[in-house]
Structure formats: structure tokens, C-alpha cells
Amino acid sequence: MTDTTSAERAKSFARSRRGPILGAIFLMATSAIGPGFITQTATFTAQLGAAFAFAILASILIDFALQMNVWRLITVSGKRAGDLANEAVPFSGHVLATLIVIGGLAFNIGNIAGAGLGLNALLGIDPKVGGLLSALLAIGIFVYKRAGRVVDTVVLALGLLMIGLTLFVAIASQPPVGDALRQTFVPDTLNFATITTIVGGTVGGYITYAGAHRYLDSGLTGPEHVAAVHRASMSGILVTGIMRYVLFLAILGVVASGVTLDFSSQAANPAGQAFGAVLGDAGIRIFGAIFWAAAITSVIGAAYTSATFISTFSKKLGAGWRLQVATVAFIVVSLVLYLLIGAAPAAILVFVGGFNGLILPIGMTIFMYVGWFRQRDVLHGYRYPVWLLALGTFATLLSWYMGIVSVGPIFAFIGIGA
């Protein structure tokens, strides 16, 4: 009887943790594949053609090197990124939290803008009205008393929807797969500003920590759960990598056919134009559904993760209803700024990716310091794999280099310094 009861409890425990773990995987994936990435993909594929495949590959490799380290460090320590950084280097967590919240706010303005563009394409609603409605929906999700469970379900369902619809369009656009595969490894042109922007849009800023922070809610923390977090982070990277490449192929098929995308007008929506070129009005509607799904899940991811960083300044905001209030407040501020800002939505979406790419190396430098030099105390004596630290260090140094050489071009996206 006791053995049966223990087995049932073990199964119940596993089921209770499955939701947060899947939520962490898809929160990472959908945060990394938001409206910014979709718009960036359309913009840069139109500029570089098949050569943009190399930037996709670079983003996946950098993603692997950084995310594997972030998930492991946060899980082994059992602390959120801001608290972990503060323990290793006093006040560095506060600096990181400030940068993440500012970057997350910039990203969330773009996410709400993306939601507005998505509903405009799907239903013909004015983009600002669509952004308002989407933000209110996100607020409603976090106001609900079981917000964590709803978030997991929403990001999982919408993530699967995005993958399915994008794959359909990629097949319909008939891209030059051979050329794309060749230039994935040997590109005809190389642009560091493009790589920095796409890395920032898929790995930078709050995105680096979104999945790992949600994974902490599963309760599977400490060195003994390294194998589980390794599988979860690998799954998240695999999902994001597939989605990135499939989306790129969908846009490439359109560009390779000779279609010219508009980037100049205030209402320019280059990714929507590409989908429309493949399937006409149905393509526009499908794009709207994909773009809105990407945007609303990214609003959720940006708000939740930024709120967890706000808790670095006050532990009272770290859990329960206070965390929900902080998350809702973050969405409200993002919405107000979006309604007031005058820049073209597509320009916002491209810029914020680059901006978060500039934040990325700062946080990763702190994390690599923890991995190399603070294993005994901060990581509870865990012996960290040297090969993983070496990969993370190389990716961090690369992100520093790309950020430094790309500052000017990134700010030029919105007319600063141009």
C-alpha cells in the first residue's frame, strides 16, 4: 500500500512539474521568435538574400553556447539571474536588472507594436487599436489567479500554431534550398550589424533568461537536476532553431522570385507582404495569425521575465500576487509608451533586437565569471564542464566584438547618428 501511494505521489509530482518545464521550453522559443525576429528576417533576407542563412546559423550557435550556460548556472545555483550576479559581484545584479528592464521595455513596445500589426493583417484592425487589445489580453492572463498555468498553456498552443503555419508557407514559397544550404556555411556577404541584430532579437536582453527563470518554477533546482535542465534547454534551442530557419526559407522563396518588399512607408509590413505574395489574401491572414501569436507570447515573456528582474531590487516582488502586479504594471507602461511613440513599427522591431544585442555581453560576462571562478561557493561545489564554459566564453567575447562594431548601424535603424 505504501509503495503504491509513493508511486502515485511520484507520478503526481512529475505531472505537476511537466507544465512549467514545457512552459519554460516554449517561453524561451516564443520569446526568441517574436515579431522583432520575424520583421528582422524579412528585412535582412530582402537585403542579403540566401547569405542571411549564415546569420541564422550564427544565431543558433551563439544561442546554444549562451543558453546552455545560462540555464545550467541558474538551475544549479537555484537563483534568478539578478540575485546570482549580486552574490558573485556585489551590485552587478542591480546593474544587469536595470539594463534588462530597460531593454525589455524597449522590446515590449516592439512586441505590442507587432501584435497591432498582426491583428491589422488578420482582421483589418487599426494597428494601435490592435496593440491596445492585445496588451489588455496579456494583462487579463496575468490578473487570473492561476496565471502560471495559463501562461504555460498559451505559449505552448501558440508556439505550435506558429510552427505549423510557417512550415506551410515555407513549402508554398518554394525557396532555393540548395543555395540557402550552401550560404549557411559559405556566405557571399558578411554583415556583423545584421548578425548582432538577429542575435539580439533571438538571444539578447530578457530573452537570455526567460526560459531559465520559468524553469526555476518547476522546483527542479540544484546540481542533482543538471541532466533534466540540459534536456530542457536543448529542446528549447532545437525548437527555436527549426522555427528560425523555416521562417527564413519562407521569406527567401518570395525574395528569390523577384518580389520587392516595401520598407519605407509608415505602415510598411515587409513580412506580411512576403506572405501575401505567396498565398494572396489568405497569406496575409496567415501572416497575421503568426505575427500576432509571436507578439502576444513575446509580450508575456518580456513582461514576466522583466518583472522577475525587478524583484532583484525588492524580494517582496519575487513571487505570488506581487509578481503578477509588477508584470501587469510593466505591460501597462509598455502599452502607454507604444501609444505615444511615433516611429514606424517595423523600425522599432528591428532596432530593439540590436539594442538587446548590445546588452547581451554584459550579463554573459558576469555569468562566465561565476562559471569559471565561483564554483565552490556560488554553485555549491558543482564541477562545471570546462568545454561548456569555453564555448560560453568564446560566444561572450564574440558578442562583445559584434556589439562594439555594430553600435552605429544599430542606432541608425531609427535615424540616430545616421
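A quick note: this is a predicted structure, and the numbers were derived from the prediction, not measured.
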Within this structure, what is the [atom1]-[atom2] distance for the pair [X] and [Y], rounded to the nearest 0.5 Å?
X	Y	atom1	atom2	answer
Met364	Leu73	CE	CG	7.5 Å
Thr166	Leu161	OG1	CG	8.5 Å
Leu48	Asp188	CG	CG	10.0 Å
Ile286	Leu122	CD1	CG	10.5 Å
Gln183	Leu57	CD	CG	12.5 Å
Met162	Leu247	CE	CG	8.5 Å

Return yes when atom OH of Tyr382 has more than 12 non-hydrogen atoms of other residues, nucleotides or ligands closer than 6.0 Å, and no otherwise. yes
Do Tyr384 and Arg72 get their side chains close enough for a donor-acceptor pair, meaning under 3.5 Å? no
With no hydrogens and no angle check, just 3.5 Å: does a side-chain donor-acceptor pair link Thr305 and His213?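 Distance-only check fails for Thr305 and His213.
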Check whether any side-chain heavy atom of [X] sits under 4.5 Å from a side-chain heavy atom of [Y], and report yes or no.
X	Y	answer
Ile310	Val101	yes
Phe313	Thr98	yes
Thr365	Trp400	yes
Ile74	Arg80	no
Lys128	Leu339	yes
Leu119	Ser134	yes
Asp63	Met68	no
Phe185	Phe54	no

Could you walk me through whether Thr41 and Phe52 pass side-chain contact (heavy atoms from CB on, under 4.5 Å), step by step? CA-CA 8 Å; Thr41 298; Phe52 183 60; 4.1 Å; yes
Could you tell me how the ring of Phe91 sits relative to the ring of His94: parallel (under 30°), tilted (30 to 60°) or perpendicular (over 60°)? tilted
For [Y], is there any backbone N or O sitting under 3.5 Å from a side-chain donor or acceptor partner on [X]?
X	Y	value
Ser173	Ala170	yes
Asn111	Ser298	yes
Gln324	Phe142	yes
Glu87	Val378	no
Ser59	Ile56	yes
Ser306	Ala303	no
Ser311	Thr308	yes
Thr312	Gly93	no
Thr240	Ile237	yes
Asn120	Ile125	yes

To check you understand the geometry: which heavy-atom pair defines the closest contact between [X] and [Y], and what is its length?
X	Y	result
Ala212	Val70	CB-CG1, 4.2 Å
Thr327	Tyr304	CG2-N, 3.8 Å
Ala88	Val370	CB-CG2, 3.4 Å
Val255	Thr45	CG1-O, 4.0 Å
Leu379	Gly371	CD1-CA, 4.4 Å
Leu249	Pro175	O-CB, 3.2 Å

Establish, yes or no, whether a centroid distance under 6.0 Å links the rings of Phe367 and Tyr209.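 Yes, the ring centres sit under 6.0 Å apart.
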Show your working on side-chain contact (heavy atoms from CB on, under 4.5 Å) between Val299 and Leu137 and close with a plain yes or no. CA-CA 10 Å; Val299 168; Leu137 174 61; over 6 Å; no
Applying side-chain hydrogen bond (donor to acceptor under 3.5 Å, both in side chains) to Tyr338 and Asn108, what does each step give before you reach the verdict? CA-CA 9 Å; Tyr338 162 66; Asn108 226 26; over 6 Å; no
What's the verdict on side-chain hydrogen bond (donor to acceptor under 3.5 Å, both in side chains) for Thr184 and Tyr245, showing C-alpha distance, side-chain angles and the deciding distance? CA-CA 10 Å; Thr184 298; Tyr245 209 80; 2.6 Å; yes
Leu96 and Asn86: CA distance, side-chain angles, deciding distance, side-chain contact (heavy atoms from CB on, under 4.5 Å) verdict: CA-CA 9 Å; Leu96 179 61; Asn86 271 341; over 6 Å; no
May I ask you to say whether Asp377 pairs ionically with Arg374, meaning some side-chain N is under 4.0 Å from a carboxylate O? yes
With a cut-off of 3.5 Å and sequence neighbours excluded, list every side-chain donor-acceptor pair involving residues 387-394.
residue: Thr393; atom: OG1; partner: Trp372; partner atom: NE1; Å: 2.8
residue: Thr393; atom: OG1; partner: Leu389; partner atom: O; Å: 2.8

Can you sort out the partners of Trp71 under ring pair (Phe, Tyr, Trp, His ring centres under 6.0 Å), two or more places apart, ordered by chain and number?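 So Trp71 forms a ring pair (Phe, Tyr, Trp, His ring centres under 6.0 Å) with Tyr215.
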